[in-house]
Protein chains: 2
Amino acid sequence: MATIYDVAKQAGVSPKTVSRVINRDAPVGLKTRAAVEAAIRELDYRPSRAARTMRSSRSGLVGLITGAISRGDGSAGPSGLPDLFIVQAIQREVAEAGMTLMIADTGGEADRAAELMATFAQHRVEGLIYVADHHQRIEELDPRGTPLVLANCFDAIGTPAILPDDRAGQRALVERVISAGHRRIAYLTLPEGMIATELRSRGYREALEAAGISFDPALVTEGFADHGEGPKPFIAPALDRLLALEDRPTVICCGNDELALRLYGELRDRGIRVPQEISVAGYDDYRVISETLYPPLTTADLNYRGIGEAAARRLLSLIAGASVPAEVELIGGPVCWRQSVTEH
Amino acid sequence: MATIYDVAKQAGVSPKTVSRVINRDAPVGLKTRAAVEAAIRELDYRPSRAARTMRSSRSGLVGLITGAISRGDGSAGPSGLPDLFIVQAIQREVAEAGMTLMIADTGGEADRAAELMATFAQHRVEGLIYVADHHQRIEELDPRGTPLVLANCFDAIGTPAILPDDRAGQRALVERVISAGHRRIAYLTLPEGMIATELRSRGYREALEAAGISFDPALVTEGFADHGEGPKPFIAPALDRLLALEDRPTVICCGNDELALRLYGELRDRGIRVPQEISVAGYDDYRVISETLYPPLTTADLNYRGIGEAAARRLLSLIAGASVPAEVELIGGPVCWRQSVTEH
DNA sequence: CCCTGCTATGACACCGATGTCATGACACCG
DNA sequence: CGGTGTCATGACATCGGTGTCATAGCAGGG
């Protein structure tokens with residue numbers, strides 16, 4: 001690879017002048033500039049970031065740590081793959097800011113994060129983002145002075161964090177369902193103990209309250225159950241209970257789209273048509289599912305993309321030295337109304 | 001960030017001795033080593049990769065270019081999101097080799113690849129991988145001396161490429177279906193013109209031939225059709241044709257799992273039970289779909305993960321200076337037999 | 001005509017590692 | 001006891017850029 005010295009010699013100028021042409025940080029004579037630019041093209045010269053980094057201690061790198069990447073063995077957690085959308089959005093924002101993204105994953109072992117941060121430190125990344133695979137609280141990380149932003153998770157020491165607004169999302173979805181004329185609204189939740197479960201349940205109850213519908217505990221039940229290898233949708237008993245109710249629900253809201261997909265199958269198995277006999281709603285707007293299902297699924301957009309964008313932007317402003325206004329930012333998404341819920 | 005000089009001063013030795021302790025490339029006295037290690041811990045010292053790169057011109061970086069990342073707007077192509085598994089697998093292999101992965105995406109514009117490669121060149125990546133979102137032929141890239149491996153695509157000039165073995169995969173699946181007792185096997189293909197469509201159709205025909213079943217063109221029809229914004233599963237007419245046949249198929253093989261998901265819905269809509277009245281098979285083993293669908297979907301594992309691993313390993317051996325045996329490598333996966341196809 | 005002020009350019013040191021070579025301190029051997 | 005070899009360590013140059021400062025050239029004003 002050609003160096004700045006090669007270019008300088010070829011153009012008959014000093015290396016410093018070549019540097020000036022590249023960085024436009026000082027005036028350069030017209031003819032000189034042309035000669036240098038010609039030499040650069042001829043030699044296919046690319047300035048070495050390594051050398052530049054040494055002098056300026058600005059590497060142009062952002063490090064991203066995630067557990068999202070390594071679940072390639074298919075052992076997807078409750079919220080599945082779509083958190084990769086967060087990574088995608090971050091990539092785009094970072095690239096737009098002229099920086100390059102380095103990624104690494106913990107392989108599922110949370111304590112490997114420290115090791116990965118050491119690697120990033122060697123590369124002198126200017127900022128770090130940690131992306132979790134679902135809304136959760138994490139053990140605090142020690143970025144040793146490098147700006148750090150958390151996406152889809154938070155910690156106990158108030159590190160800047162971007163989180164999905166599960167409460168508002170579920171509330172908006174249920175309110176919309178109510179305005180479509182439903183009154184008996186069942187809710188098949190994600191596993192208990194998850195933060196998303198807690199927040200979405202609250203949103204569900206708030207929506208009922210706001211509409212003056214009394215909360216009926218018989219309509220709320222967990223849609224997942226452990227059986228062997230991790231939580232998988234296992235909803236048959238819960239579903240049977242709901243269907244056996246005197247005052248049967250007219251719609252079933254699911255903790256996520258995967259659960260809704262499974263529910264479609266279980267309902268078909270019982271000869272119950274969606275949405276004519278019962279309506280179904282999901283959560284996440286995992287499009288491969290929500291748009292491909294037949295009928296297409298009404299769901300709440302979790303807006304992973306918005307989370308990624310917000311995280312990247314927050315980090316970039318931290319790198320730029322901005323003061324941070326709010327520590328935690330909630331990102332919402334619209335309700336995606338499709339044909340799986342009847343109107344009126 | 002502390003430098004090697006800080007450590008040297010703290011430990012009362014020369015920088016070179018610190019270097020020796022870090023790299024273990026020359027003997028160091030026991031007491032000296034201990035002093036240096038203590039100083040390193042105390043100062044939380046991390047050697048600068050940038051400085052190391054300058055000296056050795058080995059950056060420890062691998063660049064990955066993809067269009068896979070940027071489809072975050074949900075406009076998933078026919079093969080959807082799962083090509084991200086390739087990225088995941090590459091990440092893992094690269095990390096295992098002690099290198100760090102940089103990623104960038106073209107944002108859908110293929111000609112941006114050159115620009116991204118220039119950025120990577122500035123960082124002096126030691127190798128490049130290009131990942132396509134579906135099996136395709138691409139315009140040739142000019143890596144200017146840096147080793148390059150293509151994943152899920154190939155070019156006209158014989159750049160090392162790792163490809164899914166669509167033909168063998170479809171053949172194995174259909175053979176397995178035949179051995180389960182099926183004779184009338186319909187095939188709902190991906191859009192015509194795609195390489196995967198061509199190869200999988202060939203596999204389908206080979207399997208029939210091998211079993212002595214004559215090929216019936218009435219059983220093969222395209223499952224996608226353009227209607228407005230891009231190809232989406234739109235299978236109602238094709239399905240009606242298949243169901244109206246005198247000698248109705250007992251199983252429908254789909255071009256991918258998404259199509260199978262859609263087919264479940266369409267069949268339910270017609271009151272036809274899977275698999276009791278008709279069996280369904282997919283392709284890809286997109287687990288969120290294949291395992292969550294009810295009944296779980298029989299499908300062929302496209303093995304994106306294997307493609308990623310092979311691509312990474314190929315690149316690493318190119319970086320190590322190995323000679324390349326075969327230019328193109330086909331990666332297959334097993335048939336995933338689940339309950340959506342009846343046995344006997 | 002000389003001085004001032006500006007523009008364009010170059011010389012040189014430095015960022016933080018590591019390869020090369022030199023050297024001091026011993027131990028061992030005849 | 002002197003020569004030789006080994007071990008541990010340090011001095012110094014170097015990788016490829018950029019910040020600092022110096023300087024040559026030239027125009028304009030008094």
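Each chain gets a letter, A, B and so on, in the order the sequences are listed, and its residues count up from 1.
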When you compare the side chain of [Y] with that of [X], does any pair of heavy atoms fall below 4.5 Å?
X        : Y        : result
A:Ile90  : A:Leu101 : yes
B:Arg92  : B:Glu309 : yes
A:Thr100 : B:Thr119 : yes
A:Ile103 : A:Thr66  : no

Readout for nucleotides 13-26 of chain C: B = base within 4.0 Å of protein heavy atom, S = sugar-phosphate only, - = neither; 5' to 3' it is -BBBBBB-------
Check the distance between D:dC15's P and B:His123's NE2 and give it to me in whole angstrom.
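Whole-Å distance recorded here is 22 Å.
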side-chain hydrogen bond (donor to acceptor under 3.5 Å, both in side chains) between A:Arg46 and B:Gln122, intermediate numbers included
CA-CA 6 Å; A:Arg46 317 262 179 226; B:Gln122 290 194 0; over 6 Å; no
Identified side chain to side chain contact (heavy atoms under 4.5 Å, CB included) partner of B:Pro143 from the options B:Leu148, B:Thr159, B:Val125:
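So the option named by the test is B:Leu148.
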Do the side chain of A:Glu126 and the main chain of A:Ser59 share a donor and acceptor less than 3.5 angstrom apart?
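Yes; judged by distance alone, with no hydrogens or angles, the pair exists.
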Judged by atom type as modelled, is there a donor-acceptor pair below 3.5 Å linking the side chain of B:Glu37 to the main-chain atoms of B:Ala35?
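Flag not set: sc B:Glu37 to bb B:Ala35 has no pair under 3.5 Å.
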Base, sugar-phosphate or nothing for A:Thr32? Non-hydrogen atoms, less than 4.0 Å.
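If one applies the 4.0 Å heavy-atom cut-off, A:Thr32 turns out to touch the sugar-phosphate alone, with no base involved.
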To the nearest 10°, give me the bend of the helix from C:dC1-D:dG30 to C:dG30-D:dC1, comparing the axes of its five terminal pairs at either end.
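Terminal axis comparison yields 60°.
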